[in-house]
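Right, I'll just put the structure down here and ask away after.
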Amino acid sequence: MIKLGTRRSALATAQATTVAEALRALGHEVELVPIVTTGDTNRAPLEQIGGTGVFVSALRDALVAHEIDIAVHSLKDLPTAPVEGLTLGAIPVREDPRDVLVARDGLTLGELQTGALIGTGSPRRVAQIEALGLGVELTGIRGNVDTRIGMVADGKVDAVVLARAGLARLGRLAEITETLDPIQVLPAPGQGALGIECRSDDTVVLAALAPLDDPSTRIAVTAERQLLATLEAGCTAPVGALAEVVEGEDGPELWLRGALGEDGGGVRRLSANGSVDDPAAVGRALAHELLEQT
């Protein structure tokens, strides 16, 4: 029996259930174990309570204590610093990583009037949307998908920005009014991907997870997360990244785009390409270029 730890939210449960069903299809018995995290119970802004890592620590504690065998994370919520004794046993095929708008009256970002209120708890989204110069106002919000979309329905905000992957996993793509082009808003490093974490010495679980791993997704998110780590930025910092494995003239190549919000406003944007054999090096190099850009 594989004990799978998950947060209780609808999205976390949907993600965990997807992994559980994949493992069951391979012949494994799986039990879902709900775990409450600090991020679920404390409604303060994430940057005040420790960043998106607050959704992860309780799951990791349960792994270390052998209360669960695997934990399913949204990879964009997983801190880049490794934890001794734990490893990412599998990173499955990634959902669409882009951000989306859910707005009143079916509006797109460009159709919102000057002064329209957009809700998001992400400094990354704030920095990039402000840099577009559309004259909209942004306000910090937190809560699950229902809560955030409900703010639009209740007229508290004109629109909210969410990850498309989350709506896809909840079967709510029809509520999207616009999928944002990464040229406008780069997603968070790792967005759309799941990280299945387990104990490094649990060879039985590692073998069970191996068929779920997607090499191209792992390469892409490794580059994105290394960019974030090199910038020494927490997960709530204004950093966007998106990598893709593409077919080049001499075989597969890795392409990475990065965006870094600046203190005085504006966003630095650069891209790089490199070898799929060392995605971390591509992420590290692009991070240094972003830091050096004036």
Side-chain angles (χ1 to χ4, degrees), residues 5-18 32 34-59 71-79 95-107 109 112 116-130 136-180 185 187-194 234-238 240:
T6 176
R7 294 168 54 209
R8 294 177 182 269
S9 74
L11 178 54
T13 301
Q15 293 174 168
T17 299
T18 298
L32 263 60
I35 292 176
V36 177
T37 73
T38 301
D40 296 317
T41 57
N42 190 325
R43 309 315 298 171
L46 289 179
E47 56 268 28
Q48 292 182 16
I49 61 174
T52 50
V54 298
F55 295 121
V56 171
S57 57
L59 289 164
V72 177
H73 308 288
S74 291
L75 202 54
K76 70 183 179 68
D77 292 338
L78 195 67
E95 278 279 0
D96 188 328
R98 294 176 294 177
D99 281 327
V100 297
L101 194 76
V102 177
R104 61 173 176 81
D105 305 322
L107 298 175
L109 190 59
L112 289 169
L117 193 60
I118 300 176
T120 174
S122 163
R124 170 188 61 82
R125 290 170 175 151
V126 170
Q128 293 187 76
I129 292 173
E130 285 184 342
V136 295
E137 300 291 329
L138 291 114
T139 185
I141 60 170
R142 279 199 58 205
N144 60 29
V145 170
D146 276 333
T147 299
R148 297 184 190 208
I149 293 179
M151 291 179 179
V152 179
D154 295 341
K156 294 177 181 176
V157 296
D158 295 296
V160 292
V161 186
L162 302 164
R164 182 182 173 91
L167 295 181
R169 291 178 177 126
L170 290 170
R172 301 182 66 167
L173 290 176
E175 295 173 71
I176 295 170
T177 59
E178 182 183 14
T179 298
L180 301 179
V185 181
Q191 186 162 302
L194 298 179
C235 291
T236 58

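Bear in mind that the values here come from a model prediction, so they are computed numbers and not experimental data.
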Check your understanding: How would you list, by chain and number, every residue that makes a side-chain contact (heavy atoms from CB on, under 4.5 Å) with Ala14, sequence neighbours excluded?
Key ->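 Only Leu170 meet the side-chain contact (heavy atoms from CB on, under 4.5 Å) criterion with Ala14.
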
Point to revise | Distance in Å, Thr120 OG1 paired with Ile141 CD1, rounded so as to fall on 0.5 Å steps | key: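 Those atoms lie 6.5 Å apart.
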
Point to revise | Closest contact, heavy atoms only, Val72 versus Leu59 | key: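 Nearest pair, atom of Val72 first, then Leu59: O-CD1, 4.4 Å.
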
Run the side-chain donor-acceptor check on residues 147-157: report pairs under 3.5 Å with partners two or more places apart or on a different chain.
unit_1 : atom_1 : unit_2 : atom_2 : d
Thr147 : OG1    : Asn144 : OD1    : 2.9
Arg148 : NE     : Gly143 : O      : 2.7
Arg148 : NH2    : Gly143 : O      : 3.4

Review point. Got a sec, which residues hit side-chain contact (heavy atoms from CB on, under 4.5 Å) with Thr177, two or more places apart in sequence or on another chain?
Key: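 For Thr177 the side-chain contact (heavy atoms from CB on, under 4.5 Å) partners, ignoring immediate neighbours, are Leu101, Ala103.
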
Practice item. Check whether any side-chain N or O of Ser122 sits under 3.5 Å from a backbone N or O of Arg125 as a donor-acceptor pair, and report yes or no. Key: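 Confirmed, Ser122 side chain pairs with Arg125 backbone.
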
Check your understanding: Rounded to the nearest 0.5 Å, how far apart are NE2 of His73 and CG of Leu78?
Key ->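 Answer for the NE2-CG pair, His73 versus Leu78, is 5.0 Å.
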
Practice item. Just jot down the side-chain contact (heavy atoms from CB on, under 4.5 Å) partners of Thr179, sequence neighbours excluded, or say none. Key: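 Once residues adjacent in sequence are excluded, the partners of Thr179 under the side-chain contact (heavy atoms from CB on, under 4.5 Å) criterion are Arg98, Val100, Arg164, Ile176.
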
**Study point:** Minimum heavy-atom distance between Leu32 and Ala16, given as atom pair plus value
**Key:**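 For Leu32 versus Ala16, the nearest heavy atoms are CD2-CB, 4.4 Å.
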
**Study point:** Leu167 vs Val102, side chain to side chain contact (heavy atoms under 4.5 Å, CB included): CA-CA, chis, key distance, verdict
**Key:** CA-CA 10 Å; Leu167 295 181; Val102 177; 4.2 Å; yes

Point to revise | Results of side chain to side chain donor-acceptor pair (under 3.5 Å) for Gln191 - residues two or more places apart only | key: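 Checked Gln191 against side chain to side chain donor-acceptor pair (under 3.5 Å); matches are Asp99, Arg124.
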
Practice item. Please list, chain by chain and in numerical order, all residues satisfying side-chain contact (heavy atoms from CB on, under 4.5 Å) with Ala127, sequence neighbours excluded. Key: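 Here the qualifying residues are Pro238, Val267.
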
Check your understanding: Thr6: what forms a side chain to side chain donor-acceptor pair (under 3.5 Å) with it, not counting sequence neighbours?
Key ->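 Thr6 satisfies side chain to side chain donor-acceptor pair (under 3.5 Å) with no residue once adjacent residues are dropped.
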
Exercise for review: Please name all residues satisfying salt bridge (charged side-chain N to carboxylate O under 4.0 Å, His left out) with Asp146, sequence neighbours left out, ordered by chain then number.
Suggested key: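 Asp146 satisfies salt bridge (charged side-chain N to carboxylate O under 4.0 Å, His left out) with Arg172 once adjacent residues are dropped.
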
Review point. How far apart are the closest heavy atoms of Glu95 and Ala165, and which atoms are they?
Key: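 For Glu95 and Ala165, the tightest heavy-atom pair comes out as CB-CB, 3.6 Å.
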
Practice item. Just jot down the salt bridge (charged side-chain N to carboxylate O under 4.0 Å, His left out) partners of Arg169, sequence neighbours excluded, or say none. Key: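 Salt bridge (charged side-chain N to carboxylate O under 4.0 Å, His left out) list for Arg169, sorted by chain: empty.
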
Review point. Can you check whether Leu117's main-chain N or O pairs, donor with acceptor, with Asp158's side chain at less than 3.5 Å?
Key: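 Side chain of Asp158 to backbone of Leu117: a pair is present.
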
**Study point:** Shortest non-hydrogen separation from Leu194 to Ser74 and the atoms involved
**Key:**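 Heavy atoms only, the tightest pair is CD2-CA, 4.4 Å.
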
